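Here the structure is a predicted model, which is why all the values come from computation and not from measurement. Just so we're on the same page: letters track the sequence lines, and every chain starts at 1.
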Protein chains: 2
Amino acid sequence: MKPHEASQCCGPIDDLLDAELFKALGEPTRLKLLSCLAKCGRPCSVTELAECCDVDYSVVSRHLGMLERSGVLSASKEGRTVFYNVRYQHLTDAFRSLAKAIETCRPKCGTKKP
Amino acid sequence: MKPHEASQCCGPIDDLLDAELFKALGEPTRLKLLSCLAKCGRPCSVTELAECCDVDYSVVSRHLGMLERSGVLSASKEGRTVFYNVRYQHLTDAFRSLAKAIETCRPKCGTKKP
DNA sequence: TGCATACATGCGTCATCATGCAAACGTAGT
DNA sequence: ACTACGTTTGCATGATGACGCATGTATGCA
């Protein structure tokens, strides 16, 4: 089979290859924010998270918004403070599903055409 | 604990959050190339893979090179043809490790400070 | 009402990047 | 040596994105 003819022969890998998710995670500052938030283990405000990295508050705010839109973080507002948290379950599910889908695509020993 | 004070309290998540990997996967054309290659289930040449997407050969060549440098694909040359293949094991390991690290960061019920 | 806090948004700037074209490179066959 | 083929690379261009600053919006407090 030619590559461009390959359709749905090994699971829903196309649905799991989410460009927006990877794009959100493909930036050092955003990655650092995620790391700080995960290691902190509790919801944090924008101001708190801004201390993690050496960029302006406004930049942090934008990064957090992008991470939320891409499904990495969740946001909850309390008064005038916005708390962001890691969507642990969503992320672990996404990466485990992706790992499984990739594994499924891998040709096993004895996978040969007649 | 403040976010910027969080260090190594929940596993080597920083080592697993590879910005280069995510950046490589955060582009639709590259994602399509990976998808085609995975679904095809065998090493493919640049020319073959170029039929997957509507961009120039040179663009495909550059994308494949980047995917290789970021650890997504492997390359092997046979004569004047270069065959790319998915690094199945490496990718599944990376995503599974990441899922586990994120899961470990998640606060369990009863995780409270004294 | 007035003011401070916490965050979001508009805008300009600079860097990065995806793309196509042309040319170069290496290899195989005649 | 010449030619054809597969791939890579140099270059210009247009688009996207990260950043800082200033401003706007919403909330809490006196």
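- Between A/Phe95 and B/Phe95, the angle of the ring planes stays under 30°, which puts this pair in the parallel group of the 30/60° scheme.
- Atom OG of B/Ser74 is separated from atom CG of B/Leu67 by 11.5 Å, given to the nearest 0.5 angstrom.
- Rounding to the nearest 0.5 Å gives a distance of 10.0 Å between CG of A/Asp18 and NZ of A/Lys23.
- When rounded to the nearest whole Å, the span between CG of A/Leu67 and C1' of C/dC7 equals 16 Å.
- Rounded to whole Å, atom P of D/dA18 lies 17 Å from atom NZ of A/Lys32.
- In terms of position along DNA chain C, the nucleotide closest to A/Val60 lies nearer the 5' end than the nucleotide closest to the other residue of the pair B/Arg80 and A/Val60.
- The nucleotide whose nearest atom lies closest to any side-chain atom of B/Lys23 is, among C/dC17, D/dT7, D/dA18, C/dC17.
- For A/Val82, the side-chain atoms get nearest to C/dA8 when compared with the rest of C/dA8, C/dA6, C/dT19.
- Between B/Lys77 and the phosphate of D/dG6, there is no side-chain N or O to OP1/OP2 separation shorter than 4.0 Å.
- Side-chain atoms of A/Arg62 and base atoms of D/dG17 include no donor and acceptor less than 3.5 Å apart.
- Computed from coordinates, the A/His63 NE2 to C/dA8 P distance equals 13 Å when rounded to whole Å.
- Distance CD (B/Glu51) to P (D/dT7): 11 Å, rounded to an integer number of Å.
- The shortest distance between the side-chain N/O atoms of B/Thr29 and the OP1/OP2 oxygens of C/dT19 is below 4.0 Å.
- Below the 3.5 angstrom threshold, one finds no donor paired with an acceptor across the side chain of A/Arg30 and the base of D/dG17.
- Taking side-chain N and O atoms only, B/Thr81 has no distance below 4.0 Å to OP1 or OP2 of D/dG6.
- For B/Met66 and D/dT9, the CE to P distance is 15 Å, given to the nearest whole Å.
- Which of D/dC19, C/dC21, C/dA6 sits closest to the side chain of A/Thr47 comes down to C/dA6.
- Comparing A/Gly79 and B/Val59, the nucleotide of DNA chain D nearest to each residue sits closer to the 5' end for B/Val59.
- In terms of polar N and O atoms assigned as donor or acceptor, the side chain of A/Ser58 never comes within less than 3.5 Å of the base of C/dC7 in a complementary pairing.
- Taking the charged nitrogens against the carboxylate oxygens, B/Lys32 and B/Glu27 have no contact shorter than 4.0 Å, which rules out a salt bridge.
- The distance from the SG atom of A/Cys44 to the CD atom of A/Glu51 is 10.0 Å, given to the nearest 0.5 Å.
- Among the protein residues, A/Tyr84 comes within range of the sugar-phosphate backbone only, with heavy atoms under 4.0 Å from sugar or phosphate atoms but none that close to a base.
- Straight-line distance from the CG atom of B/Leu64 to the P atom of C/dT19: 12 Å, rounded to whole Å.
- Atom CG in A/Asp56 sits roughly 18 Å away from atom P in C/dC11 (whole-Å rounding).
- Atom OH of B/Tyr57 and atom P of D/dT9 are 18 Å apart (whole Å).
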